[in-house]
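First up is the structure itself, then whatever we jot down about it.
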Amino acid sequence: MESLLTTPFLTALLAGSLAAGLPLLLAGLGEQMSEKAGVLNIGLEGMMLLGAYCGFLGAWSSGSLWLGFLCGMLGGLALALPMMLLCVWLGLNQIVVGIALTLSAEGLTALLHHVQFSQSYPRLPRVDTLPLPLLSEIPVLGTALFDRHPLVYLAILAVPLLAWLYRSSLLGLNLQAAGDRPAALDAAGISVIATRSLAVLFTGAMAGLGGAYLATVGAGLFVPFMTSGAGFIAIVLAMLGRGRPLWVLLGALLFGLCLSLTTALQVAGLRVPTDLVQMLPFAAVMLLLLFFGRRAALPAALTRPYRRGER
Amino acid sequence: MTDIPQIVGRLLQALLPLLLALACGALLLLLLERDPVSFYATIIERGLLSRLGLQESLTRSAPLLLLAAGLIVAFRAGLWNLGVDGQFLLAAVITAALAPGLAATLPPWLALPLAMLAAFAVAALWAALPAFLKARYGVNEIITTLMMTFLGISLANLLIKLPFNDPATTSPQTLTLATADRLPRLLGSTVHLGLVIALLALLLVHWAMTRTALGLRLRILGANPLTARHVGLPVTGLTFLAFGLSAGLAGLAGAVEILGVWGTVRADWNPAYGMLVIPLVFLARFHGGAVIFFVFVFAVLSIGGETAARRADLPNYFLLVLVALILVFLALTEWLSARPLMRKRG
Amino acid sequence: APAFAQDSEVNHIAVLTPEQPNDFGWNQQAAKAARAVGEALSIDVTLASGLGYGDVRPTLRELAAEGADLLIAHASGYNTTAPEIAEETGVPVAIVDRPDLMQPGLVADYTLSGHEGAYLAGVLATQMSRSATLGIVVSGEPPSWNSQSAAFAQGARASDPDIELRYSVIGPAAYADAAGARRVTDAVIAAGADVIFGQGNGSTFGILQAVETNDAPDGGKIWFIDVIGDKSSIDGGHLLSSVVWNLEPVYRAMIEDLGKGTFGTRGYSIRLEDESLYLLQSEHIPAEVWERVMEVREQIVAGEITVEPKFEAEAVRALMTAVSD
Amino acid sequence: MSAQHQGKAPPLIRFEQVTKRYPGVLANDAITLDLHAGEIHALLGENGAGKSTLIALLSGMQQPDAGRLLIDGQAVRFSSPRAALQAGIGTVYQHSALVPSLTVLENLMLGRRWWQGRRQSATRRRFTALCNDLGVRLPADALLSSLSLGERQMVEIVKALWEGRRLLILDEASAMLTSAAVSDLQRSLTRLAAKGMAILFVTHKLPEALAFGDRVSILRAGRLVASRSAADLHRRGAEQAQSEIISLMFDAPSTATAAPAPPPSFQEKAPVLRVQGLRAACGEQEPQLDGIDFSLSAGEILGVAGIDGNGQRQLAEALAGQRTTLAGRIELGGEAVQAKSVPQRMKRGLRYLTDDRLGEGSLPAFPISLNLLLKRVGDAPFWRQGVEQPREIEAYAQQTISAHNIRAPGPHTPLGSLSGGNVQKLLLARELEGQPRVVIYNKPTYGLDFQTQQLAQEAIRRQAASGVAALLISPDLDEILALSHRVAVMAEGRIVGIVNNGPDARQTVGRLVVGGTA
Ligand SMILES: Nc1ncnc2c1ncn2[C@@H]1O[C@H](COP(=O)(O)OP(=O)(O)OP(=O)(O)O)[C@@H](O)[C@H]1O
Ligand SMILES: Nc1ncnc2c1ncn2[C@@H]1O[C@H](COP(=O)(O)OP(=O)(O)OP(=O)(O)O)[C@@H](O)[C@H]1O
Ligand SMILES: [Mg+2]
Ligand SMILES: [Mg+2]
């Protein structure tokens, strides 16, 4: 048993948590901005999936991961665009459209995979990492956290950046007003539609990027339905984050850690049912809410379309 | 009384988006070098016109209608119960675990209702936590019900794999309720009594929500909880009631599916009907009649579509795209029909 | 349809699979076998694929009504449903994993277990491992995975009692979780394994990807042993072998039994003996190793070694603990 | 006091035959009206006359169906509020246009383009300057939601001034202000006008309109019926001017122009409502209601004066049962009710007319008919065995609409499309129905047009005369003094004094109000 407590294994577990958490972090950060602006984006799963497909396709055909990420973002955007059009511009029901978008992404990517890849299952070559100077020398933690693909650092950098944006920029004010009292934002001369559109597009791009990371760095290939519910988990993380990016990061990491824990326990030969371990993060959150229950307030106008002058 | 033009208008409003979605789907089929006409003909022929297919479509509708009934209660009361899939699954497992034992000891007219009651109660209980958090701390129920779904699915699997596992089977599943002990079938068809239960439940819910004092109280709560407090409604009680009824009906859907069709639940089974019914209920604007129509259309599509896809040598994934198209076009026509009013109001 | 069923001649069979038959695995092998049998015996074959794990009653009833003489329900998820429909329509069905439900003339079971092949794979893996550590990564814990995981462990231990085993399940119902598979395999490799025995559907490709992009602790190659199908055509140089299931003899026997009126009186399985189960010989296996493996194969066929299938997840895990302690 | 404007120069703003329709309503009917720089223009009209609609057209919230808008003689089209703001038009809307979850300062930053910085210190400086101009003190860094309604209204005015360099629009902006604050406002507006700004001022208080306005325009049923210069009106004397305006606003010449009669003298009887040492659950940012003692006899009206946001609302809610009582007693007709629920208290004859009409008092999306019955859901004859009786409900609504002169297309009209005043008429009708014993009126007449206000006050008096006890909460001291027998003054969640109404009540109350806040 002690033989398992080796540097490579611990490193792999930690790196695995990060790898599992990163798509959730990216998509969760994206979702958070939509929610702040008053749009509940239930189509996140679909945006991740299309991002995964496009991201893989881009990286595989161009040979460049970065092009893959770009394609993934475009894929997410491609689904955010109808969301913006239908929900923000026309004010259609966000839950209906969100579910429809997820279904269509599932169907389309599976069809495309069927036509394109189902005979060859192409896979990407090994991903190069960028060791951060000094930090990556730390035992275990160093390689696990600081010898990763550069996108990992960028994603984590996005957390303080977004926190700053929400707290200290005018855009942050606009987003919050769009979610809490859109009529006030409108009266102040800022377009609610434009603000929300921006947020929805950002969500799409981030979800697409998360999906692309999942398919390229995470799996190195694309298979149908490969996000398997990550989008919905990211929605919950964004909501639990109550508008704060740091909480999304913590949630995503906790989630990844639980997944790694499942692996660790099993490899160590401990007989814990996987179903039980998978329940841990959500059970913990529910218990926290139950015992330290507090108003988990969401933006007042969440899911409400805005039409000027409507009483 | 509704007059003829209004009925025609309604029908058009329901059929037009279907036609538009089918047209888009046809384009996609042409791109895939398939014949859209025969594809759609197969769907109709198999899902609606053939005796066998029609029975299947009706059978498939039963759990969907019950889920819809539950969602109508919650949505009208302003509670976004997005956790019906977890409630459904957990209740299904409990039903499957109890039913064989009950059927062995009690007469069927008692055993089946008891199993359904248990399913209703378990699902309602599962929703008590989100209800409590909502009523006590105002914790948003979208978050809690989604989390409870994740938990419910895992718990259901755990139950199947551990306490309720049928030792005779290799893959984990519960004991199986004998075919003879299941819900009786209707008039020699393969449609079971669950369809009648579902239709009755849905109509009852629709009537109660639109025509009774209780329904109005729930709608007031849904429209504005502050108003509910101001006019003196027991907000906490109503929240629990709405959650309980909603989840209970979702649980009943699980029970009916198990008692009418499956007889058992396997580990990792999750039909996730909720994710499909939720948009349908919104599109029907929480109206019982419209829900019946949409659910039936969806059932025909899923029964007939499977055959059509097989005959056209297409993966079933194509149907997902078709359903998504229909949802979007339905939502769009909804918007168009509401627009003249909006425009005048500004 | 019942009129057809009484006719002992089989003109039309239908196979129902949960996923598309392009997975180089469970679904593809069934489709391949059905087509081959159809061609050989000039029988119509209907493939109903991608049906998922939901309710297949509509499809079963429809195929029965369309005149199929045998319905092969190729998923353990269908094994409660199919016998009921057989009862209802009178059309014989073949199911997996429920030998207890067999019914003469109506229901036959073909519980497929590649345990004998997996035992050989265990022997092979032990020979090939430089770190004396093997990994087993599975997408879930269905009986057919369990029996192979267990047999793999037994075969490995028989070859080398001190071999270390690293076992991990990707997650509940993680059939399509390729990224999860990759992550878990990474961890198993980091725990010292240099041969990975992988069982999954879409997730298998994630395992493959992990094997292809990691280095073993000694800097060398990591080997992958697959199950059910043959992925040689998409191999990136790491596919050591596969426990291949050939369903053609199984389906052929069913049809013969139907003709003879003995359908449902016996179960079908895959065995090393009749080549319905075999270990794929890739170019990466050194000749002397292969010879050693074939010796063991002979012993199994001759009955000198018996491999008991273990279908329970608990039993598998117990075996792993016993081995790793 | 008005700045003279040149007759030749084009007006700052001109409405030219402007028409605006809503479903079933002609809200503005071919209105032609000029607004001049340096002039305070008072806009009057009964509830639903179309004042807010006219303002919506000017502030870019709505676009006219016909007619033109000219600025400096140039035709313009405001497709959005931004366009109006850029033209230098700032607006205080009838319904709040601030974000409660932002601080005061952040609310003021809202509207700048997102790439511009927050300019924290510059914003703060300008804010302080504007506050000084207006003679108010406002906490710059407090969350808006922690401010009282009156303070919020001042923030709204500051916000409107932020962009409103040429025209400032105030739609019933003084409704929530105490009379002292109104005088401050008047001084500031006069100063702004003197600097060359145009001001459009909507109010229902005629004396205010006459005192502020350089020109008074009157809308009736969407049409401009008169536009008079204040000088003209003043020449005829206040009495005369008021009655002329009233007869223009309302079809019939008004009979209610006389100053309200002093309340009838009142003899103490056995109290019907007795409150002792009441303490109620209050939020962190609310005034803490504590140690409330008073009693109320049948037929008595007890006014509650004080600056808005000093616990009046909390008191009303605690009495009505919407707030948990932590300590003390509430006796209704001798029976302790502090542990009873809202409907139980309602059954015993306690009624509460809320001041938050759309926020909690009604459901805008629901039809008028159901809104009238919100507090009687399940009661016969509208429900029998819990089942709705549509005919009874409709008949009742129909009858109430005509009895209370509510301007609405019909009983099925969603309440949300009514004008602010008509919503209040409906709520009044709802609360006074049946056999009330004690009624709590929270700002019963704010936003009501003059005539309706008179009718409402008359109704309150009539109720009292028939033996109903009333607690009258109002920021308008005139109203309190006109109706009440005694006046309680609230400050910081406590009653700081109760004064008998009489000749020197105004002074005493005024002193208590100021003392309480000091
Ligand atoms: N789940 C969420 N998603 C997006 N935005 C949110 C969410 N929750 C809150 N917000 C935004 O953040 C703002 C601040 O939220 P809240 O009032 O809960 O925080 P707070 O009062 O600063 O927190 P605390 O109670 O910990 O001091 C809200 O007005 C809202 O716009
Ligand atoms: N968004 C709207 N939709 C439908 N009808 C409206 C809308 N806004 C106003 N109306 C109607 O237009 C008419 C004029 O309303 P407006 O709000 O301009 O009146 P007002 O003069 O401001 O009244 P008040 O003094 O009560 O505020 C009313 O009959 C009102 O019902
Ligand atoms: Mg807070
Ligand atoms: Mg108005």
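Note on naming: letters A, B, ... go to the chains in the order of the sequence lines (proteins, then strands), and numbering restarts at 1 for each one. Just the heavy atoms: all of them, side chains too, but no hydrogens, waters or symmetry mates, feed the values below.
Both the backbone and the side chain of D:Y352 come within less than 4.5 Å of a heavy atom of chain B. D:Q389 does not touch chain B: none of its heavy atoms, backbone or side chain, sits under 4.5 Å away. Neither the backbone nor the side chain of D:L373 comes within contact range of chain B, judged by heavy atoms closer than 4.5 Å. Within the 4.5 angstrom heavy-atom criterion, only side-chain atoms of D:R430, from C-beta onward, approach chain B.
Using a 4.0 Å cut-off between a side-chain N of Lys or Arg and a carboxylate O of Asp or Glu, D:E431 and D:R351 do not qualify as a salt bridge. Salt bridge annotation for D:E392-D:R384: present, with a cationic side-chain nitrogen under 4.0 angstrom from a carboxylate oxygen.
The ring-ring contact (aromatic ring centres under 6.0 Å, His included) search around B:F329 returns none, not counting sequence neighbours. In this structure, D:K340 has no side-chain hydrogen bond (donor to acceptor under 3.5 Å, both in side chains) partners at least two apart in sequence or on a different chain.
Applying the 6.0 Å contact sphere to CD of D:Q435 captures no more than 12 heavy atoms from other residues, nucleotides or ligands.
The backbone N or O of D:P444 lies less than 3.5 Å from a partner atom in the side chain of D:Q424, making a donor-acceptor pair. At distances below 3.5 Å, not a single donor-acceptor pair connects side-chain atoms of D:R357 with backbone N or O atoms of D:S362.
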**Prompt:** Hey, mind stepping through D:D171 and D:S52 against side-chain hydrogen bond (donor to acceptor under 3.5 Å, both in side chains) and telling me if it holds?
**Reply:** CA-CA 7 Å; D:D171 193 353; D:S52 298; 2.7 Å; yes

**Prompt:** Can you check side-chain hydrogen bond (donor to acceptor under 3.5 Å, both in side chains) on B:Q87 and B:N81, steps first, answer last?
**Reply:** CA-CA 10 Å; B:Q87 294 146 13; B:N81 178 10; 3.2 Å; yes

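Using a 4.5 Å cut-off between non-hydrogen atoms, no part of residues 112-131 of chain B approaches chain D. Heavy-atom proximity under 4.5 angstrom to chain D picks out B:L216, B:R217, B:R219, B:I220, B:A223, B:N224, B:L226, B:T227 from residues 216-227 of chain B.
Relative ring orientation between B:F240 and B:F132 is described as tilted, the plane-to-plane angle lying within the 30° to 60° band.
The closest side-chain heavy-atom distance from B:I326 to B:F298 is not below 4.5 Å.
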